[in-house]
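Comments concern the structure below.
The sequence lines fix the lettering, A, B, ..., with proteins before strands; numbering per chain opens at 1. Any value given below was found using the heavy atoms of this structure, including those in side chains, with hydrogens, waters and symmetry copies removed.
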Number of protein chains: 2
Amino acid sequence: MNIGAASRASGVSQRMIRHYEQIGLIPGAARRDSGYRDYSEADVHRLRFIANARDLGFAISEISTLLALWSDQRRASSEVRSLALAHAEELGRKARALEAMRQTLLTLAQQCHGNDRPDCPILQRLED
Amino acid sequence: MNIGAASRASGVSQRMIRHYEQIGLIPGAARRDSGYRDYSEADVHRLRFIANARDLGFAISEISTLLALWSDQRRASSEVRSLALAHAEELGRKARALEAMRQTLLTLAQQCHGNDRPDCPILQRLED
DNA sequence: TCTGCACCTTTACATCATGTCAGGGTCAGG
DNA sequence: CCTGACCCTGACATGATGTAAAGGTGCAGA
């Protein structure tokens with residue numbers, strides 16, 4: 001399977017497939033005589049795994065660990081679980097930070113009459 | 001005031017002060033004969049404004065607009081308000097996305113007994 | 001006055017994940 | 001054999017920020 005087909009089958013862009021290969025997240029693909037990369041079903045399976053992990057917000061370094069655990073038949077599921085929980089906590093931190101910013105902005109916007117006069121508590125707050 | 005003092009007074013790193021100057025977010029600083037940048041209290045005030053806006057998650061392009069509105073005495077506060085509300089909505093979108101990822105991970109982790117056996121619903125889910 | 005240290009200057013490279021473009025080679029059908 | 005679709009590598013861009021190198025400046029103390 002050429003890279004285009006592998007990309008369509010996995011949902012990972014050709015650009016990122018080559019990138020993942022370059023940074024060592026996935027092994028170098030087999031090559032045809034022409035130099036074209038050649039992917040197996042197992043390769044596509046791994047790419048889908050990566051795409052799903054990315055969708056859950058895992059960073060490449062975390063995915064690298066997940067891939068190792070995935071292919072380790074003797075792995076302990078507790079390792080995967082604690083990685084997932086740590087990541088969930090990190091996501092929660094980020095979500096709460098964004099939410100706090102949002103609340104601040106909403107409060108300020110509420111205090112801003114939003115007419116065509118120049119005074120605005122939002123700008124005043126930014127000056128402090 | 002040299003850049004180091006301006007940095008300490010505003011909370012913006014020297015690196016970012018120079019960067020903001022380079023990308024045109026702030027005007028080029030006055031220079032001494034030595035070539036050293038020289039900052040006024042007004043310059044520091046503007047840098048603090050930028051730092052506060054960054055803390056609220058505004059992107060540089062949005063801050064550029066905010067700075068223009070800030071220095072425009074004839075501005076309408078409604079412009080500032082709608083910019084803030086649009087940004088708040090964007091923050092909400094991102095926060096909800098992170099929260100959805102987090103919930104997915106928590107659900108999966110709950111289904112994972114987390115012992116030393118290899119089967120793990122988290123990894124299974126990533127395979128789909 | 002010389003010396004040393006703290007500060008300043010510019011330039012460049014790194015991050016992270018991803019897009020896009022350029023300049024070329026390959027393959028398959030008509 | 002030509003054409004269009006595909007593939008290759010390499011390079012540049014994003015956004016916000018850090019760090020490092022190589023060199024000039026300014027001031028205080030010996």
Side-chain angles (χ1 to χ4, degrees), chain A residues 1-26 28-40 43-44 46-67 87 90-91 94 97-98 101, chain B residues 1-26 28-40 43-44 46-67 87 90-91 94 97-98 101:
Chain A
M1 191 181 338
N2 283 343
I3 196 172
S7 170
R8 283 186 295 273
S10 66
V12 179
S13 71
Q14 300 183 27
R15 175 69 176 84
M16 293 316 296
I17 294 176
R18 295 191 183 102
H19 181 61
Y20 292 154
E21 179 180 319
Q22 201 185 352
I23 65 178
L25 182 66
I26 57 178
R31 298 285 185 141
R32 300 183 185 279
D33 287 350
S34 59
Y36 285 16
R37 288 173 180 80
D38 190 12
Y39 295 91
S40 68
D43 293 331
V44 170
R46 181 170 36 208
L47 288 171
R48 258 205 312 276
F49 182 97
I50 294 171
N52 288 330
R54 293 281 316 133
D55 285 348
L56 285 176
F58 283 97
I60 298 291
S61 58
E62 295 172 312
I63 296 177
S64 182
T65 303
L66 286 173
L67 281 171
H87 184 55
E90 181 60 25
L91 291 177
K94 288 181 184 168
L98 292 178
M101 293 182 207
Chain B
M1 191 178 346
N2 282 343
I3 196 172
S7 171
R8 283 186 294 273
S10 66
V12 179
S13 71
Q14 301 183 27
R15 174 69 176 85
M16 293 315 296
I17 295 177
R18 296 192 182 103
H19 180 61
Y20 292 155
E21 178 181 319
Q22 200 185 354
I23 66 177
L25 183 66
I26 56 178
R31 298 286 184 140
R32 300 183 184 279
D33 286 350
S34 60
Y36 285 17
R37 288 175 180 79
D38 190 12
Y39 295 91
S40 68
D43 292 331
V44 171
R46 180 169 36 207
L47 287 171
R48 259 205 311 275
F49 181 97
I50 293 172
N52 288 329
R54 291 283 314 135
D55 285 348
L56 284 176
F58 284 98
I60 298 292
S61 58
E62 294 170 313
I63 295 177
S64 182
T65 304
L66 286 173
L67 280 171
H87 183 54
E90 181 60 25
L91 290 177
K94 288 181 185 171
L98 291 179
M101 292 182 208

Has the side chain of [X] got a donor or acceptor atom that lies under 3.5 Å from a matching backbone atom of [Y]?
{"X": "A:D55", "Y": "A:N52", "value": "no"}
{"X": "A:H87", "Y": "A:E62", "value": "no"}
{"X": "B:D38", "Y": "B:R31", "value": "no"}

Any side-chain heavy atom of A:R54 sitting closer than 4.5 Å to one from A:M16?
-> no
Check whether any side-chain heavy atom of A:R18 lies under 4.5 Å from a side-chain heavy atom of A:R37, and answer yes or no.
->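 The answer is yes; the side chains approach within 4.5 Å.
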Between [atom2] on [N] and [atom1] on [X], what's the gap in Å once rounded to a whole number?
{"X": "A:N2", "N": "C:dT26", "atom1": "CG", "atom2": "C1'", "answer": "10 Å"}
{"X": "A:I63", "N": "C:dA17", "atom1": "CD1", "atom2": "C1'", "answer": "11 Å"}
{"X": "B:L47", "N": "D:dT17", "atom1": "CG", "atom2": "P", "answer": "13 Å"}
{"X": "A:Y36", "N": "C:dT26", "atom1": "OH", "atom2": "P", "answer": "8 Å"}
{"X": "A:H19", "N": "D:dC8", "atom1": "NE2", "atom2": "P", "answer": "16 Å"}
{"X": "A:M1", "N": "D:dC7", "atom1": "CE", "atom2": "P", "answer": "11 Å"}
{"X": "A:L25", "N": "C:dT18", "atom1": "CG", "atom2": "P", "answer": "11 Å"}
{"X": "B:R32", "N": "C:dT9", "atom1": "CZ", "atom2": "P", "answer": "10 Å"}

Can you name the closest pair of heavy atoms from B:V12 and B:L47 and give their distance?
->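 Residues B:V12 and B:L47, closest heavy atoms: CG2-O, 3.5 Å.
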Heavy-atom pair with the smallest gap, counting every atom of A:Y20 and A:I50 =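 Reported closest heavy-atom pair: CE1-CG2, 3.7 Å.
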What nucleotide among [options] has an atom nearest to a side-chain atom of [X]?
{"X": "B:A59", "options": "D:dA16, D:dT9, C:dT9", "answer": "D:dA16"}
{"X": "A:R37", "options": "D:dC8, C:dC8, D:dA16", "answer": "D:dC8"}
{"X": "A:R18", "options": "D:dT9, D:dG24, C:dC27", "answer": "D:dT9"}
{"X": "A:S34", "options": "C:dT26, C:dC8, D:dT25", "answer": "C:dT26"}
{"X": "A:R54", "options": "C:dT18, C:dT9, D:dA16", "answer": "C:dT18"}
{"X": "A:I60", "options": "C:dA17, D:dC7, D:dA16", "answer": "C:dA17"}

B:D33 or A:G35, whichever maps to the more 5' nucleotide of DNA chain D | A:G35
For DNA chain D, find the residues of residues 4-16 of chain B with a heavy-atom distance under 4.0 Å and give them by number; none if there aren't any.
->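 Going residue by residue through residues 4-16 of chain B, the ones with a heavy atom under 4.0 Å of DNA chain D turn out to be B:S13, B:R15, B:M16.
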Considering heavy-atom distances to DNA chain C, does B:E21 or A:F58 have its closest nucleotide positioned more toward the 5' end?
->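 Taking each residue's closest nucleotide, the earlier one in sequence belongs to B:E21.
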So, is B:Y20 near the phosphate of D:dT17, with a side-chain N or O under 4.0 Å from OP1 or OP2?
->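 True: B:Y20 side-chain N/O within range (under 4.0 Å) of D:dT17 OP1/OP2.
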